[in-house]
Each structure stands twice: as C-alpha cells, then as structure tokens.
Amino acid sequence: MPASHAQSDAAVLAADTPVERPVYDTVVIGAGIAGLTIAHRLNRAGNSVLVLEASGRVGGAIQTHRDGDFLVECGPNTVRDTHPEVGELIEEAGLLEERIVASRSAKKRYIVRGGKPVAMPMSPPAFIKTSLFSIRAKLRLAAEPFIRRANPEKEETVAEFVHRRLGKEFLDYAIDPFVSGVHAGRPQDLSVSQVFPRLVEIEQRYGSLILGQIRGASERKRRAEKPRSAAPMFSFARGLDRLPRELARQLGEAVLIGCTVTGFAREGREWAVEYSDAADRQQSVRSLSVVYCGGLQQADLLKPLGPETDLLQGVYYPPLCVIALGYRRDDVGHPLDGFGLLVPSIEKRNILGALFTSTLFEGRAPDGHVLITAFVGGSQQPEMTNGDDQRIIRTAEDDLRDLLDIHGRSVFRHVTRWSAAIPQYNLGYGAVKNALTALEKRHTGLFFAGNYRSGISVSDTIHFSYKISETIGKYIAAQKTIRDEPTP
Ligand SMILES: Cc1cc2nc3c(=O)[nH]c(=O)nc-3n(C[C@H](O)[C@H](O)[C@H](O)COP(=O)(O)OP(=O)(O)OC[C@H]3O[C@@H](n4cnc5c(N)ncnc54)[C@H](O)[C@@H]3O)c2cc1C
C-alpha cells in the first residue's frame, strides 16, 4: 500500500464509526529515533507504515527545550557521525544545511582529580607530562603489552578488564568517569564485550591494547579509514530534536502521538495491534509486521510473547537528572575551553560530570552568558535523583561553583528527570540479545529495534535501524508474494 493510503487510513482510525481494520505493512511501536528511522526507510521504499507513540511528542530520548535565548538538550547533546547511514538519514530528511559541527575546542576534555579539573592527555608526550596519572600509573600502563590475553570464553566486567590490562588508576581516572558520563553506568557492572567489543577484539588479536592501537592505526591508514573517535560530533542549529520532528513531519498522519500500544498478537498471517488513542479509546489495527521500538522499560507489554521476556524485564535503566544552568560569563572563572568535565566516582562528588554546552555549539546561550549541563544519578548514585528540583539544582550548583570557579548564582535553570534513562549492558547482556533473536524467530513478522539492542548511541541506533529496515522490507515483500499467488 502506498504511503498516501497509510495516511488516509490513519485518519480513518481516529473517526468514531467502526470501519474494517486496515492492514498496514508495518506497525512501528514507539517514535524514538529507532522507530522513526525504520518508518522513514520503509515508507520511502513504498511500504505502508503506522507509527504509534505513547507520549505527546516524537523523539523519545531526543528532546530539545527552548527558553528565550537558552537552548537546552534534555537528552543527547551530540551525535557522533560514526556510520554512513547517519549522514544519509540527515540528507534524506533535508537537514544537511542545518547540521552544525561541534567546535574544535570540544576535543579537549577535563577529568576531576584532587578536586580540580585536569585536561585529559591526548598524545603520548602529553600523557608523560600529565598530572592526571601518577608515575606509578604511567609505568603500570607501559607494562600493558606484557600482560597475557584473558580466556575469551570468560565474560569480564569493564572494571575487571581495565584493571587487569591497564591498572587501577587508569580504571579510576579514565574509564570510570567515561562510562558514567556516556552510559550513566558502573564499570563494575557493565560487560566489556558488550560495551567495548573492539577492546576485547584487539586484546585477542594483538595480545595488547597498546600494540593493537599502533598496528590498528597503520592498518587503518592503509585502508584510508578513520578511527571512530575521529568521527565529527554534530547537532542542529535549532537543536537535536530537529531530526525526529522532521522525520515525523514527512511521515505525516502515519505517526499517531498519544497512542499507547496495550497489546499485540499474531492472528493468522497478520498481527493485530491494540492501542488506546489520545482520547483514551481502545483501537485496533492489523499489519503484516510489527517492530517494537518502545524500550525495555515497558517490557511487561512483551510478556505474552514467552518466558524469555523475563530476561528483558530485568534490564536495568537507572534514573538520571539533566540540569541545565545558565551563568553570566563574567561569573565563571574557568575558560570552559572543552567538551566538559567528567567526575570519577572515587572523587566522591554529587555530579557525574558537566558539558560546556555553549562552548560545544553556538546559539545555546544569550550574549554574555554560558550554558553548562550537569548530570546527576545514573547507576553510580541513583539516590541522588531523589528530592525536588530545587535540591537537585543546589546539588549541581554547589559542585560546579567549586570545580569551575563560579562566583555568582545561575540565572537560568532547567531540570529534566529521566526515571529510566539508558539500558545498562551489564554482565550477561548477551543473553538479553539472544532472547530477542529467539523471539523474532518464534514470532514471524515481529522485529525488535532500539538502543536496548543496537548499542546506546544515537548513531548506533540509526545504523541498526537501517539494517533491520532492510530485513523487514524483504519480509513484507515475501508476505505479499505469498498473498498474491493464485491458489491452485
Ligand atoms: C539523558 C540522556 C543523554 C544521552 N546522551 C547521548 C548523547 O550525547 N549521544 C548519543 O548518541 N546518545 C545519547 N543518549 C542515548 C540516546 O539518546 C538513546 O539511546 C536513543 O535516542 C534511544 O532511541 P530509541 O528510539 O531506541 O528509544 P527512545 O528514544 O527511548 O524511544 C522509545 C519511544 O517508544 C515510546 N513507547 C514506549 N512504549 C510504548 C508503547 N507501549 N506504545 C507506544 N509508544 C511507546 C516511548 O514513549 C518513546 O518515545 C542519551 C540518552 C539520555 C536519556
């Protein structure tokens, strides 16, 4: 069915008169970046799609808030252009001209040590000179090539892996703040093979991370390939939610907001999807396929699919608060000349870290002001998200005053609370992914996509969504061929 039919069908659904339920090629559950990318790709290939979104807006974790001349990202602040599909999607959405790349100074990152932000060394000479690591830690790092490979059969946590290969200080002052900054997680819980599969691969292939980096770099040079860390970071002039909003705009009435899917089941060769609409009416649609992009926070919806779903329900999403604070530039002593600062848990602060938002991108704060975004909670300190907004703001302000030499009070404040922020790929997460594959095999026409499967970054989620859209497209085509075959 062409996209235009899907749109008029969606409109029909909202009407009061009972009609014969239309059959879509795909019903997408959830209008986060995964659901919208898949709907966009399938629609573009001529399939009819219906996207059902529970909340009153599209974008899921991607949310931009504008208040006067302050522009706040409530979820992701930057996307790394690590996969070609990311650029392709932006081009297809017609947003290439609105894309803005993070400022060059974003390469500099600070880590807090002894209560002071210290620049992370970005080159071997800087590493030798830095005060971020002790001489003992530097010597320990130099011994890394002599440490034997681990047994590849035994899954390790990030902490076990890094401690074994690079030493405790490197774990405490580099990896711990990095994983709490990116994953809102704890290195003692996260699985290294799930979160840093490349590191495990390098260890197994070269026997050493340091030698692997050197050899890998020369191999990449031969293949004219860039490392992932060199991929540019970007946003849009009017904020990151431009991408989901534009994708949804182009899909038109094929996206229904305020519609919570309450159940779905296979009926013959089709799927029946039940949802309550924005007016709280129970509705039902039929489709050849269903893609679940709703996240595992609501995994009880999946329970009827089978016992494997117990594993999915056990995935931990820690709470997280994002606190955007605007200050007069003159009140901040620190030059804010970088991406931001990360706080190792060993430093026992209240914030996990802070982004120098107005340094990263222009147009985030009015003239003469800066915008800083602090993070509180995560797996490290979930209890820090308790209490009202005033308490959370004070917590962040107290830490920032000290760390960034701030004299006055903030002149702008905005708090976003995520009760279940980011799925933790903890030890044993491979079984969660296997359960998803098993469910797809058992329930033909059902697919799973989203950050609980693809990797947590926006770019990994887009990359995976492109791949699965192809699989879904082939499935739909095969179903149509069977349906259209004349009965002998
Ligand atoms: C605070 C924060 C900061 C982040 N920072 C970065 C960053 O800087 N860079 C980066 O790359 N990534 C970052 N991420 C991660 C990234 O934003 C997410 O992993 C990604 O956007 C998730 O997309 P998704 O489509 O898988 O899920 P989501 O965005 O969670 O979308 C799922 C959607 O499904 C809907 N839904 C759920 N159940 C139902 C139902 N039953 N019926 C209908 N709809 C349903 C939800 O309402 C939601 O809109 C951050 C995440 C957070 C929370």
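Side chains are part of it too, since the values below use all heavy atoms of this structure and drop only hydrogens, waters and symmetry mates. Predicted, not measured: the structure shown is a model, and the values here were computed from it. In listed order, ligands and their atoms are each counted from 1.
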Using a 4.0 Å cutoff against the non-hydrogen atoms of [X], which atoms of ligand 1 qualify?
X	value
Gly450	26 (O)
Ser457	11 (O), 12 (N)
Asn77	8 (O)
Val322	1 (C)
Gly32	25 (O), 29 (O), 31 (O), 33 (C)
Thr260	42 (N)

Requested in this report: Take atom CD of Glu91 as the centre, draw a 6.0 Å sphere, and report whether it contains more than 12 heavy atoms from other residues, nucleotides or ligands.
Outcome: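 Count not over threshold, so no.
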Do me a favour and list the nearest non-hydrogen protein atom to [atom] with residue, atom name and distance?
atom	answer
atom 22 (C) of ligand 1	Asn451 ND2, 3.5 Å
atom 42 (N) of ligand 1	Val261 N, 3.0 Å
atom 5 (N) of ligand 1	Pro76 CA, 3.2 Å
atom 29 (O) of ligand 1	Ala61 N, 2.8 Å
atom 25 (O) of ligand 1	Ala34 N, 3.0 Å
atom 37 (C) of ligand 1	Gly294 O, 3.1 Å
atom 32 (C) of ligand 1	Cys293 O, 3.4 Å
atom 16 (C) of ligand 1	Ile456 O, 3.5 Å

Out of Arg417, Gln298, Glu73, indicate the one that has the non-hydrogen atom closest to atom 38 (N) of ligand 1.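 Ranked by closest heavy atom to atom 38 (N) of ligand 1, first place is Gln298.
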Side chain to side chain contact (heavy atoms under 4.5 Å, CB included) between Phe264 and Val27: does it pass, once the steps are laid out? CA-CA 10 Å; Phe264 53 94; Val27 168; over 6 Å; no
ring-ring contact (aromatic ring centres under 6.0 Å, His included) filter on Phe464, not counting sequence neighbours, yields none
What about His414 and Phe70, are their ring centers closer than 6.0 Å?
->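 Ring centres of Phe70 and His414 not closer than 6.0 Å.
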Are Phe412 and His369 an aromatic pair by the rule of ring centers under 6.0 Å?
no
Check whether the side chains of Gln380 and Asp176 place a donor and an acceptor atom closer than 3.5 Å, and report yes or no.
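A pair is found: one side chain offers a donor N or O, the other an acceptor, under 3.5 Å apart.
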Next item on the list: Using a strict cut-off of less than 4.0 Å between a Lys/Arg side-chain nitrogen and an Asp/Glu carboxylate oxygen, indicate whether Arg349 and Asp402 qualify as a salt bridge.
Entry: yes
| Would you call Glu85-Arg41 a salt bridge at under 4.0 Å N-O? | no
For [X] and ligand 1, does the shortest N/O to N/O distance drop below 3.5 Å?
X	value
Ile33	yes
Thr78	yes
Tyr292	no
Glu53	yes
Ala54	yes
Val458	yes

Between Thr359, Leu336, Thr357, Leu404, which is the residue that forms a side-chain contact (heavy atoms from CB on, under 4.5 Å) with Val370?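 Filter result, single survivor: Leu336.
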Practice task
Return the orientation label for the Tyr292 and Phe448 ring planes: parallel under 30°, perpendicular over 60°, tilted otherwise.
Solution key: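 Correct class here is perpendicular.
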Could you list the donor-acceptor pairs under 3.5 angstrom formed between side-chain atoms of residues 466-476 and any protein atom two or more places apart in sequence or on another chain?
| unit_1 | atom_1 | unit_2 | atom_2 | d |
| --- | --- | --- | --- | --- |
| Tyr466 | OH | Leu89 | N | 3.3 |
| Ser469 | OG | Ser465 | O | 2.5 |
| Thr471 | OG1 | Lys467 | O | 3.4 |

(request) Please determine if Arg99 forms a cation-pi arrangement with Phe234, meaning its NZ or CZ atom is less than 6.0 Å from the six-membered ring centre and no more than 45° off the ring axis. (result)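 Judged by the rule (NZ or CZ under 6.0 Å from the ring centre, within 45° of its axis), Arg99 counts as positioned above Phe234.
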